[in-house]
Amino acid sequence: MSEHEQTSPSLDENQIMAERRQKLAAIREQRVAFPNDFKRSHFAKPLQETHGAKEREALEAEKVEVAVVGRMMLKRVMGKASFATLQDGSGRIQLYISNDGVGSETHEEFKRWDMGDILAARGTLFKTKTGELTVQATEVRLLAKNLRPLPEKFHGLTDQEQKYRQRYLDLIMNESSREVFFKRSQIVQGVREYMVAEQYLEVETPMMHPIPGGASAKPFVTHHNALDMPLYLRIAPELYLKRLVVGGMERVFEINRNFRNEGMSTRHNPEFTMMEFYEAYSDYHRMMEMTEGIIQHVARKACGGLHIQYQGKTVDLSHFERLTIVEAIKKYNPQYTDAQLNDRAWLKAEIARLGGKPVLSDGIGGLQLSLFEECAESQLWNPTFIVDYPVEVSPLARGSDTRPGITERFELFVVGRELANGYSELNDPEDQASRFMEQVKQKDAGDDEAMHYDADYIRALEYAMPPTGGCGIGIDRLVMLLTDAPSIRDVILFPQMRPE
RNA sequence: GGGUCGUUAGCUCAGCUGGUAGAGCAGCGGACUUUUAAUCCGUUGGUCGCAAGUUCGAAUCUUGCACGACCCA
């Protein structure tokens, strides 16, 4: 692409890099320095699986010819013969390069190649004295020169920051990191399989919203030049997906990014992946069954079972408990009495005592929720659905027909963290309009996470939306759980970082 | 936002109560035709995160800043 005479300016050049640039310059004198005419015949891992267990004599009799490629991760030179370990996308395979096999000239050339170079080799499989499957090379070529030294071969790359900032290097050096993202792909694939098997349709809705909605969160703002109007990166796809339900798409799901302009932590990245799904003629009970089914399906697929280890402790995904907010509070705090839990003044004092900030205008339900967050949430280790959320914190959820102030809503907690949130959807356009008005009032009072009034969404509901259940599952947190990752940054390939 | 810890060679890390920096790996030179973090001999490489201060003298002590990890809000 760029003129190769111009070496890119780099702030951290060193002697090793200077030497490698000289080697590259010498190669450019002789031939195409970055050839792309070598065709691989085999990946490393399948070779190990197919031939790794064979006896030396049997393997030699077979004379298996292979052409392999990969990055040189280990190199051992012994005069007239050398070993190199190549790493490809599947695993590792060893090369044996000798004067007898490739000629002394090529072998001498090989000796000048460096760790991290991308090599290709052709040859016959054999087993060394110690039984390692090895390619006895008849041809070895340098496909791409490494200029920047790899981390030390034994300890590898351990610096967390560098792992996040230079993920490519982390992926080269750390098998465990490659596994996490392999599993992440399996998990997302497993979720899709499950949804498709349940007759759900995958859709894509706007990432840029004229009115941010579907959640209580601060949005990122951008600007559309041609329309000369602000646009918001979406905080949730919910209102668009429910418009689709109005339109007759009775089972829809979307797996995509949400953006929230809030703090960063081991559990929060500004952009994160959610799956939301909506099913007409269902309710929050069905959504809980779906959530349980999805998580169990992907756990079996990615972890091989329903009993998994997270940060040294077992999580049992075979049973999902259901508790109301008050039941959960009392389960972990049996000293509280019913009278206390229905006393606003006592609730406010207790929340404050535990270090929380009670919202003074909240009713009993809101205060009970705050108390739950302070004294029970972090203890919900095995999967637990918490139900009976108060209407004031659930502006899009259907109210209970029998219990005023309560919505048909649940949140799922695992390892003390929220993993999913679902409810029977509010499909009464007049109720929804007045709840939006209530949100606008709160926004005017200074709550910048309160929702906007979305007139088109109300218009859609006015055409009548079937009774519907909906749910969102945090994919990053699900991946954290199933890969035993302590930080969300471990499961996002390029987590948001401050500039270097 | 608060607290604790950290930042030394390309990488992983030592470096004591202050006296101008060290190992292993990587690199370079040499020996070695079945090695496994190969081994053996020799050798290059440093603005000790940045900036002030104390001191005859600072990687080391003090302060501030930057970045990161963990914990708390």
Side-chain angles (χ1 to χ4, degrees), chain A residues 10-24 26 48 52 56-57 59-60 71-87 92-104 106-108 110-117 123-137 145-166 169-170 172-175 262-268 311 351-358 370 373-374 377-378 416 485-490 495-500:
Chain A
S10 180
L11 296 173
D12 53 354
E13 288 283 338
N14 56 56
Q15 190 191 332
I16 292 175
M17 290 188 67
E19 283 163 0
R20 292 190 185 184
R21 283 189 197 283
Q22 279 173 17
K23 289 180 184 178
L24 176 59
Q48 302 282 6
R56 290 182 72 189
E57 295 75 15
L59 188 60
E60 273 179 49
R71 188 184 296 277
M72 179 157 62
M73 301 304 289
L74 293 170
K75 183 187 179 190
R76 297 175 284 279
V77 175
M78 297 170 302
K80 299 188 179 64
S82 301
F83 288 90
T85 301
L86 292 195
Q87 175 171 291
R92 291 183 170 196
I93 185 87
Q94 180 169 263
L95 306 182
Y96 179 70
I97 296 145
S98 65
N99 285 0
D100 293 345
V102 302
S104 59
T106 301
H107 187 220
E108 287 305 313
F110 165 82
K111 289 181 190 175
R112 291 193 293 275
W113 298 345
D114 296 292
M115 306 275 257
D117 286 353
T124 314
L125 288 182
F126 79 110
K127 279 205 164 175
T128 63
K129 280 179 189 168
T130 48
E132 176 154 354
L133 188 69
T134 303
V135 178
Q136 183 143 29
K145 183 80 198 126
N146 168 294
L147 297 178
R148 199 171 275 276
L150 293 178
E152 196 255 345
K153 65 188 172 192
F154 187 59
H155 298 93
L157 180 68
T158 58
D159 182 64
Q160 279 298 332
E161 180 188 356
Q162 212 181 349
K163 287 175 66 160
Y164 299 146
R165 287 191 191 277
Q166 293 180 265
L169 199 52
D170 179 35
I172 290 169
M173 299 307 297
N174 294 313
E175 169 86 33
E262 292 163 358
M264 286 153 59
S265 74
T266 50
R267 288 171 294 282
H268 300 85
Q311 303 298 296
I351 292 161
R353 191 184 68 81
L354 293 169
K357 284 176 284 186
S370 294
E373 286 168 356
E374 293 301 327
E377 179 175 315
S378 65
S487 168
I488 197 169
R489 291 179 166 188
D490 295 321
Q496 198 55 242
M497 303 283 285
R498 283 196 172 78
E500 281 183 77

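Every chain is numbered from 1 and lettered A, B, ... according to where its sequence line falls, protein lines coming before strand lines. What's counted below: heavy atoms across the whole structure, side chains too, no hydrogens, waters or symmetry copies.
Here B:U12 is the nucleotide among B:A37, B:U35, B:U12 with the atom lying nearest to any side-chain atom of A:Thr158. Distances were taken from every side-chain heavy atom of A:Lys80 (C-beta onward) to each of B:U35, B:C25, B:U33; the shortest belongs to B:U33. Side chain of A:Pro151, nearest nucleotide from B:U35, B:C11, B:G27: B:C11.
For B:U39, the paired nucleotide is B:A31, the pair qualifying as Watson-Crick or G-U wobble because both relevant distances are below 3.5 Å. Nucleotide B:U7 is matched to B:A66 when pairs are restricted to Watson-Crick or G-U wobble geometry with both distances under 3.5 angstrom.
Between B:C48 and B:G19, the two P atoms lie 16 Å apart (nearest whole Å). Rounded to the nearest Å, the gap between the P atom of B:C25 and that of B:C41 is 10 Å. Nucleotides B:U60 and B:G18 are separated by 11 Å at their P atoms, to the nearest Å. Between B:A59 and B:U47, the two P atoms lie 13 Å apart (nearest whole Å). Atom C1' of B:A31 sits at a distance of 14 Å from the matching atom of B:A38, rounded to the whole Å. Nucleotides B:C13 and B:U7, compared at atom P, are 10 Å apart to the nearest Å. Nucleotides B:C11 and B:U62, compared at atom C1', are 32 Å apart to the nearest Å. Only the P atoms considered, B:A9 is 11 Å distant from B:C50, to the nearest whole Å.
By the 4.5 Å heavy-atom criterion applied to side chains, A:Lys153 and A:Leu74 are counted as neighbours. Between A:Phe110 and A:His107 there is a side-chain heavy-atom pair separated by less than 4.5 Å.
With A:Gln48 contributing its side chain and A:Arg92 its backbone, the two residues share a donor-acceptor pair below 3.5 Å. Judged by distance alone, the side chain of A:Arg56 and the main-chain N or O of A:Lys127 form a donor-acceptor pair under 3.5 Å. Distance alone, capped at 3.5 Å, places no donor-acceptor pair between the A:Lys23 side chain and the A:Ala18 backbone. A distance-only check finds no donor-acceptor pair linking the side chain of A:Asp490 to the backbone of A:Ala485 [under 3.5 Å].
Remark: A:Arg76 is not in phosphate contact with B:U35, judged by side-chain N or O atoms under 4.0 Å from OP1 or OP2. Put simply, A:Lys153 has a side-chain N or O that comes within less than 4.0 Å of OP1 or OP2 on B:A26. In terms of phosphate contacts, A:Thr130 brings no side-chain nitrogen or oxygen within less than 4.0 Å of OP1 or OP2 of B:U36.
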Contact letters for nucleotides 65-72 of chain B, in which S counts primed atoms plus P, OP1 and OP2 and B counts the base, heavy atoms under 4.0 Å: --SSSS--
Nucleotides 28-31 of chain B: which of its N/O atoms have a protein N/O under 3.5 Å away?
{"from": "B:C28", "atom 1": "OP1", "to": "A:Lys23", "atom 2": "NZ", "distance (Å)": "2.5"}

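For B:U36, its base sits under 3.5 Å from the side chain of A:Thr128 at one donor and acceptor pair at least. Looking at A:Tyr96, its side chain comes within 3.5 Å of the base of B:U33 through a donor and an acceptor atom.
Here A:Asp100 does not pair with A:Lys80 in a salt bridge; the nearest charged N to carboxylate O distance is not below 4.0 Å.
In terms of heavy atoms, A:Gly116 sits closest to A:Arg71 at O-NH1, 3.0 Å.
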Derivation and outcome, side-chain contact (heavy atoms from CB on, under 4.5 Å), residues A:Arg20 and A:Asp114: CA-CA 8 Å; A:Arg20 292 190 185 184; A:Asp114 296 292; 3.5 Å; yes
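With 3.5 Å as the limit, one finds no donor-acceptor pair spanning the side chains of A:Arg165 and A:Gln160.
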